[in-house]
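Take a look at the structure set out below.
Owing to the predicted nature of the structure, the values given are computational and were not obtained by experimental measurement.
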Amino acid sequence: MSLRLHAPVVLPCDSSCSVLRDAVVDVVDGRITYVGGAAEAPAFDGEIRRLSGILLPGLVNTHAHSPMTVLRGLGSDLPLLRWLQEQMWPNEARMTAADVGTGMLLGAVEMLRHGVTTSAEMYFHGPELVSSVLAAGSRVVFGAAILDVPGMSWRSMTDEISAWIDADGLQFADGRVELAYGPHSAYTLSPAQLTSIAGEARARGALLMVHVAESPFEDEAQRAEFGSVPALLKASDVLGGRVLSAHSVHLSDDDIALYASFGVGVAHCPGSNAKLASGIARVPEMLAAGVPVGLGTDGPASNDDLDLFEEARLAGLFARVSKMDATVLGAAQALLMATRGGAAALGRDDIGALEAGRWGDVVHVDADDPAFATGLDAPDSQLLANLVWASGARRITDVWVGGEHVVAGGESTRVDRQEAQAGVTAVAQRLRNT
């Protein structure tokens with residue numbers, strides 16, 4: 001498979017958030033081989049597609065529970081712990097493996113239509129979830145959810161994901177699937193249990209994703225004993241491997257310095273954190289300390305959408321309000337958090353940017369929209385501002401994953417969206433009636 005995409009503007013999402021004019025992206029056998037000006041591009045004998053608008057890398061959703069599409073809207077006015085205990089956990093206990101697959105299929109389609117080509121999912125029933133992601137044509141980092149609550153065996157859940165990794169490896173399906181550990185939190189697992197799970201993850205070089213300091217009330221006992229959840233994680237020998245700390249809203253200066261010293265990635269979920277009134281994470285301080293920060297939607301029952309461009313916009317707006325400084329987080333930095341920063345938070349260097357050697361995950365934004373009426377020849381800063389603050393995902397028309405055209409004209413090329421929606425409707429109706 002050889003494909004050259006040629007557009008007036010290409011945003012490779014390199015560290016300086018460059019804007020390339022009249023540029024091309026070459027993808028051969030799923031990987032990018034060249035990104036740069038069309039005039040300097042090497043000879044190419046594959047398919048060439050000339051597009052209007054803007055090309056950018058596939059977005060990276062660093063924290064999601066996408067099968068919750070079947071639970072969307074439940075408990076929408078509850079704070080975090082009541083939302084979990086009264087709505088999510090009781091309903092999830094009734095969900096079958098097939099239900100998880102049904103919810104994930106629609107979630108994957110929804111994300112692809114918003115330009116999200118990779119999502120980090122903490123959930124249950126991994127084989128069914130992964131199968132749905134592959135059916136939609138996207139990528140997933142599947143972190144098997146691990147909890148110590150009535151009716152669940154944390155040890156069995158840990159052993160199950162360990163056995164899967166040992167059988168199939170950390171990555172498979174041409175790099176579209178990565179397996180990981182998802183211990184839920186320090187308030188659903190003991191320090192000794194977290195130590196054990198982290199040891200399994202480190203032994204395999206696997207990512208460990210965990211909810212940390214999402215709300216000010218969830219972990220009062222843990223903070224009373226250890227000072228903070230990051231301090232608990234250090235004391236429990238959880239840090240030191242690949243660790244992704246989801247939410248991380250209520251962190252002290254010492255917590256941030258600890259994360260920076262151990263290379264912990266953070267999944268910032270501003271939409272969910274606002275809807276659940278959990279607070280505003282200290283993103284400017286994390287970035288200043290060198291902590292890798294990506295963006296996450298969280299689940300579609302707490303957000304309630306799967307639009308990462310919206311998260312980029314919210315991240316910038318909340319950072320500015322929290323610091324009362326309109327210069328603190330600009331459009332370029334917000335876009336990088338949704339792409340390159342998300343890849344870094346997951347410990348991945350093969351996604352999140354248009355660079356030679358990375359996977360050919362490419363998003364096309366059509367510029368036929370009022371947001372771009374000032375023209376694609378506008379100064380770089382204005383163009384980026386119009387994309388992040390004004391346009392967002394609404395003009396995404398085409399998406400390629402590994403060079404494969406998985407969204408065309410705004411719709412999935414692999415999945416009948418109406419059928420996927422009908423599947424979720426049926427599951428939701430059954431859950432309501434049982």
Side-chain angles (χ1 to χ4, degrees), residues 63 65 79-86 88-90 92-93 120-126 141-166 179-252 254-256 258-259 261-267 269 276 278 298-299 302:
H63 184 64
H65 314 284
L80 175 65
L81 291 181
R82 287 188 59 196
W83 174 78
L84 285 171
Q85 295 164 358
E86 298 176 19
M88 292 304 103
W89 289 346
E92 285 176 325
E121 302 285 343
M122 182 193 288
Y123 220 66
F124 313 97
H125 300 298
V141 180
F142 171 69
I146 303 170
L147 302 87
D148 182 21
V149 297
M152 293 185 179
S153 167
W154 75 273
R155 172 53 68 186
S156 295
M157 299 166 107
T158 303
D159 291 345
E160 185 176 328
I161 188 62
S162 296
W164 192 1
I165 293 171
D166 292 344
L179 300 178
Y181 293 78
H184 179 269
S185 63
Y187 62 88
T188 59
L189 292 158
S190 71
Q193 291 166 344
L194 290 169
T195 300
S196 178
I197 297 165
E200 296 286 327
R202 273 201 303 274
R204 293 165 175 81
L207 179 70
L208 182 146
M209 53 180 77
V210 57
H211 296 98
V212 174
E214 182 176 355
S215 81
F217 312 110
E218 66 192 29
D219 48 25
E220 291 175 329
Q222 291 75 19
R223 284 186 283 115
E225 181 175 357
F226 291 90
S228 72
V229 173
L232 181 159
L233 297 179
K234 181 178 185 296
S236 303
D237 197 27
V238 172
L239 308 182
R242 296 172 59 200
V243 177
L244 178 75
S245 176
H247 298 288
S248 309
V249 176
H250 301 281
L251 300 187
S252 68
D254 288 343
D255 294 332
I256 292 172
L258 181 65
Y259 274 11
S261 67
F262 279 94
V264 175
V266 167
C269 306
L276 293 168
S278 296
D298 206 13
S302 66

Mind jotting down which residue pairs meet the salt bridge (charged side-chain N to carboxylate O under 4.0 Å, His left out) criterion with at least one end in residues 223-243? Sequence neighbours excluded, please.
-> Glu178-Arg242, Arg202-Asp237, Asp219-Arg223
Minimum side-chain heavy-atom gap Glu214-Asp298 below 4.5 Å | yes
Rounded to the nearest 0.5 Å, what separation is found between the CG atom of Leu208 and the OG atom of Ser245?
-> 10.0 Å
Nearest-0.5 Å distance, CG of residue Asp255 to OG of residue Ser248 | 9.0 Å
pair Val141-Met209: side-chain heavy atoms closer than 4.5 Å = yes
Quick one: CG on Leu194 to OH on Tyr181, what's the gap to the nearest 0.5 Å?
-> 14.0 Å
Pair Glu200-Ser162, side-chain donor/acceptor within less than 3.5 Å | yes
Determine, step by step, whether Tyr259 and Val266 satisfy the side chain to side chain contact (heavy atoms under 4.5 Å, CB included) criterion, reporting the C-alpha distance in whole Å, the side-chain angles of both residues, the deciding distance to 0.1 Å, and the verdict.
-> CA-CA 9 Å; Tyr259 274 11; Val266 167; 3.8 Å; yes
Closest heavy-atom pair and its distance - Phe142, Gly126 = CZ-CA, 3.3 Å
Do you know which two heavy atoms are closest between Ser236 and Thr195, and how far apart they sit?
-> O-OG1, 2.5 Å
Please say whether more than 12 non-hydrogen atoms of neighbouring residues, nucleotides or ligands are located less than 6.0 Å from CD in Glu86.
-> yes
For Val212 and Pro230, work out which heavy atoms get closest and say how close.
-> CG1-CD, 4.1 Å
How many angstroms lie between CG in Leu81 and CE in Met88, if you round to the nearest 0.5 Å?
-> 13.5 Å
Between CG on residue Leu276 and CZ on residue Arg82, distance to nearest 0.5 Å | 12.5 Å
Please report, to 0.1 Å, the donor-acceptor pairs under 3.5 Å made by any side chain of residues 182-189, with sequence neighbours excluded.
unit_1: His184; atom_1: ND1; unit_2: Thr188; atom_2: OG1; d: 3.3
unit_1: Ser185; atom_1: OG; unit_2: Tyr187; atom_2: N; d: 3.4
unit_1: Ser185; atom_1: OG; unit_2: Thr188; atom_2: N; d: 3.2
unit_1: Ser185; atom_1: OG; unit_2: Thr188; atom_2: OG1; d: 3.0
unit_1: Thr188; atom_1: OG1; unit_2: Ser185; atom_2: N; d: 3.4

Mind jotting down which residue pairs meet the ring-ring contact (aromatic ring centres under 6.0 Å, His included) criterion with at least one end in residues 229-251? Sequence neighbours excluded, please.
-> His63-His247, His211-His247
Which atom of Arg155 lies closest to which atom of Ser196, heavy atoms considered = NH2-OG, 2.8 Å
Criterion side chain to side chain contact (heavy atoms under 4.5 Å, CB included) on Leu80 and Phe217, from CA distance to verdict | CA-CA 9 Å; Leu80 175 65; Phe217 312 110; over 6 Å; no
Can you tell me how far CZ of Phe124 sits from NE2 of His65, rounded to the nearest 0.5 angstrom?
-> 9.5 Å
Distance-only, no hydrogens or angles: does the Ser261 side chain make a donor-acceptor pair with backbone N or O of Leu258 under 3.5 Å?
-> yes
What are the two closest heavy atoms between Gln193 and Asp148, and how far apart are they?
-> NE2-OD2, 3.0 Å
